[in-house]
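Before any comments, here is the structure.
Quick caveat: nothing in here was measured; it's all calculated off a predicted structure. Quick note: residue numbers are just sequence positions, from 1.
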Amino acid sequence: MNKTWLITGCSEGGIGAGIARAVLRRGYNAVVTARSVSKVESIVKDYPDTALAVALDVTDRDGIRAAVQAATEKFGRIDVLVNNAGYCYRSSVEEAHRAGVDQMFETNFFGPVALIQTVLPGMRERHSGAIVNVSSIGAVRTGAASGYYAATKAAMELMSEGLAAEVKPLGIRVMIVEPGAFRTHFYDSSLKGAALTIGDYADTAWKRAPENAVNQGLQPGDPEKAGDVLIDAVEREDAPMRLLLGSDAVKAVRSTLESRIREVDAWAELSAKTDF
């Protein structure tokens with residue numbers, strides 16, 4: 001049976017669209033979702049038999065159930081779930097509004113969890129499947145104005161680690177994807193933020209506020225290449241738990257982890273003094 005992928009956040013110009021096109025190009029079935037079907041019509045139009053466009057807001061639990069049901073009715077099963085939908089709410093920690101932070105957590109974390117919970121019964125029944133959760137190098141290191149966004153991705157990663165331990169004996173694999181900077185709409189239409197009200201943050205968080213962001217389109221990552229790389233990784237028996245996307249991601253994560261190890265070693269003697 002041909003494998004079926006369900007991919008969230010497939011609006012044109014993003015990594016999700018690149019993944020969906022690669023999946024269809026390779027002959028797999030793809031359930032291609034976005035909040036509006038019109039945003040994915042160009043992806044599915046040439047694949048009437050293997051593509052299904054579904055409107056899906058991942059914060060809508062009824063919508064999640066309906067999308068999974070539609071996928072199952074057309075293709076019989078979901079073999080690979082790709083949780084890609086998400087956005088960034090930039091703000092200093094102090095200036096943020098709870099509603100804005102909550103909405104981002106619903107989209108970036110709780111929505112994907114709900115999707116996972118909805119597809120897992122079928123995967124458990126078949127003792128097969130893969131869950132791919134798109135995170136960010138922001139889960140490894142972050143900066144001013146991105147603390148809350150990074151928190152959603154860090155939560156996704158640690159949840160994924162726990163999930164992987166739970167479902168591995170059931171024949172289900174979990175992968176975390178950490179993209180670097182890609183030429184997508186992330187740096188313009190996907191950026192939201194709180195009002196700038198505290199001048200003390202003018203030289204830190206404010207510089208990275210959405211209204212001050214300029215997307216020059218010079219990021220090294222190509223969304224069209226991301227899909228093929230992801231499929232290659234998912235299909236491998238020795239698939240990694242974490243897959244970095246982009247040379248910039250490799251450089252940033254490596255340097256951050258090396259710095260952490262140096263700090264652990266530098267303070268190891270003091271840390272050990274809490275032992276009995």
Side-chain angles (χ1 to χ4, degrees), residues 9 11 13-16 35 57-59 83-113 133-160 176-221 223 242 244-264 266-267:
S11 296
I15 289 177
R35 282 179 294 177
D57 179 344
V58 298
T59 68
N83 277 312
N84 170 70
Y87 70 95
C88 180
Y89 175 90
R90 282 186 178 175
S91 170
S92 67
V93 171
E94 186 176 358
E95 290 171 298
H97 295 287
R98 176 64 183 269
V101 175
D102 286 353
Q103 184 64 29
M104 181 172 60
F105 265 92
E106 282 292 329
T107 302
N108 293 7
F109 180 71
F110 291 111
V113 168
N133 292 327
V134 179
S135 177
S136 166
I137 59 172
V140 180
R141 73 177 193 183
T142 190
S146 291
Y148 289 111
Y149 172 72
T152 67
K153 296 304 186 178
M156 172 74 92
E157 294 208 2
L158 290 176
M159 178 275 295
S160 298
I176 299 164
V177 177
E178 294 177 341
F182 275 70
R183 296 185 191 181
T184 69
H185 297 302
F186 180 88
Y187 302 94
D188 39 61
S189 60
S190 290
L191 283 182
K192 304 182 186 303
L196 308 180
T197 59
I198 302 175
D200 286 342
Y201 299 119
D203 292 329
T204 53
W206 283 19
K207 288 185 176 180
R208 303 187 70 245
E211 50 262 59
N212 294 326
V214 177
N215 185 4
Q216 297 179 336
L218 299 176
Q219 299 84 5
R242 280 179 171 81
L244 300 173
L245 293 182
S247 59
D248 60 327
V250 173
K251 181 179 178 180
V253 170
R254 178 184 286 127
S255 65
T256 300
L257 296 181
E258 288 173 346
S259 176
R260 287 184 184 179
I261 291 297
R262 288 194 296 271
E263 187 173 50
V264 168
W267 293 91

Would you check, one step at a time, whether the test side chain to side chain contact (heavy atoms under 4.5 Å, CB included) holds for Tyr89 with Thr152?
CA-CA 10 Å; Tyr89 175 90; Thr152 67; over 6 Å; no

Please report the interatomic distance [atom1]([X]) to [atom2]([Y]), rounded to the nearest 0.5 Å.
| X | Y | atom1 | atom2 | answer |
| --- | --- | --- | --- | --- |
| Arg90 | Asn212 | CZ | CG | 10.0 Å |
| Asn108 | Ser135 | CG | OG | 9.5 Å |
| Phe182 | Asp248 | CZ | CG | 7.5 Å |
| Ile137 | Lys251 | CD1 | NZ | 11.5 Å |
| Asp102 | Phe110 | CG | CZ | 8.5 Å |
| Ser92 | Arg208 | OG | CZ | 12.5 Å |

Got [X] and [Y] here, is their nearest side-chain heavy-atom distance under 4.5 Å?
| X | Y | result |
| --- | --- | --- |
| Met104 | Lys192 | no |
| Met159 | Asn133 | yes |
| Tyr87 | Thr107 | yes |

Are there over 12 heavy-atom neighbours, none belonging to Arg35, within less than 6.0 Å of that residue's CZ?
no

Got a sec: does the CD of Glu211 have more than 12 other heavy atoms crowding it under 6.0 Å?
yes

Provide the closest heavy-atom pair for [X] versus [Y] in the form atom of the first, atom of the second, distance.
| X | Y | result |
| --- | --- | --- |
| Ala96 | Ser91 | N-OG, 3.0 Å |
| Ala145 | Ala205 | CB-O, 3.6 Å |
| Tyr148 | Phe105 | O-CE1, 4.2 Å |
| Ala150 | Gly138 | CB-O, 3.2 Å |
| Ala139 | Ala154 | CB-N, 3.8 Å |
| Pro223 | Thr184 | CG-CG2, 3.8 Å |

Step by step, would you call Arg254 with Leu244 a side chain to side chain contact (heavy atoms under 4.5 Å, CB included)?
CA-CA 10 Å; Arg254 178 184 286 127; Leu244 300 173; over 6 Å; no

Given 3.5 Å as the limit, does a donor-acceptor pair link the side chain of Glu95 with the main chain of Thr197, or not?
yes

Audit row: Met156, Ser160, side chain to side chain contact (heavy atoms under 4.5 Å, CB included) steps and yes/no
CA-CA 6 Å; Met156 172 74 92; Ser160 298; 4.2 Å; yes

Stepwise side chain to side chain contact (heavy atoms under 4.5 Å, CB included) check, Arg141 with Ser255:
CA-CA 10 Å; Arg141 73 177 193 183; Ser255 65; 3.7 Å; yes

Between Lys153 and Glu178, is the closest basic N to carboxylate O distance under 4.0 Å?
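The answer is no: the pair does not qualify as a salt bridge.
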
